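First the structure, in the form of structure tokens, and then the observations on it.
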Amino acid sequence: MVGILVHGNNHFIVRGPLPSPTRVQQLVQHWSIINIAVSTPTALEKWTISTKEFRENLEWAVLCDGDGAAQQAVTQLLEELEARGITIHRATEYWLGEE
């Protein structure tokens, strides 16, 4: 599975299942701060940042509050996903799969 995790004006293309709101917060925190020689926590090993994906392969999307607004290209991509019937989740909501 591939999805997009949008955190304010930053975003990550992610390989892995749709994360729960708790995991979203942990992923954003883990990936937003550069830590040299720090390994990924076991609870987050299901997800990796992907640098090359086709937009057609995105299966999920999560918005998480952060600094600034999403970039125009990201907003357009989210609109395309929604038009394809993909739910745009907000990290503050609860959905099945909460960990």
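The residues of the chain are indexed from 1 along the displayed sequence. Since the structure is predicted, the reported quantities are computational estimates derived from the model, not experimental observations.
Here the NE2-OG distance, from His7 to Ser32, works out to 5.5 Å after rounding to the nearest 0.5 Å. How far CD1 of Ile4 is from CD1 of Ile13: 4.0 Å, rounded to the nearest 0.5 Å. Of the inter-residue distances, the one linking Ile88 atom CD1 with Ile86 atom CD1 reads 7.0 Å to the nearest 0.5 angstrom. A distance of 8.5 Å separates CZ of Arg84 from CD of Glu59, quoted to the nearest 0.5 Å.
Exactly one of Val2, Val14, Leu81 qualifies for a side chain to side chain contact (heavy atoms under 4.5 Å, CB included) with Trp60. That residue is Val14.
Within a 6.0 Å sphere centred on CD of Gln29, heavy atoms belonging to other residues, nucleotides or ligands number 12 at most.
Contact record, Thr40 with His30: OG1-NE2, 3.6 Å, taken as the closest heavy-atom pair. Scanning all heavy atoms of the two residues, the minimum distance from Cys64 to Gln25 falls at SG-NE2, 3.4 Å.
No side-chain heavy atom of Arg90 sits less than 4.5 Å from a side-chain heavy atom of Val62. Between Leu63 and His89, every side-chain heavy-atom pair lies at or beyond the 4.5 Å cut-off. The side-chain heavy atoms of Leu5 and His11, taken from C-beta on, include no pair separated by under 4.5 Å. Residues Pro41 and Gln26 fail the side-chain proximity criterion, which asks for heavy atoms closer than 4.5 Å.
Checked for salt-bridge contact, Arg15 and Glu53 meet the test: a charged N lies under 4.0 Å from a carboxylate O.
By the ring pair (Phe, Tyr, Trp, His ring centres under 6.0 Å) test, Trp31 is found to be paired with Phe12, residues two or more places apart in sequence or in another chain being considered.
Trp47 contributes no side-chain N or O that, together with a main-chain N or O of Leu27, makes up a donor-acceptor pair within less than 3.5 Å.
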Enumerate donor-acceptor pairs with a distance under 3.5 Å from any side-chain N or O in residues 70-78 to protein atoms, sequence neighbours excluded.
{"from": "Gln71", "atom 1": "NE2", "to": "Asn9", "atom 2": "O", "distance (Å)": "3.4"}
{"from": "Thr75", "atom 1": "OG1", "to": "Gln71", "atom 2": "O", "distance (Å)": "3.2"}

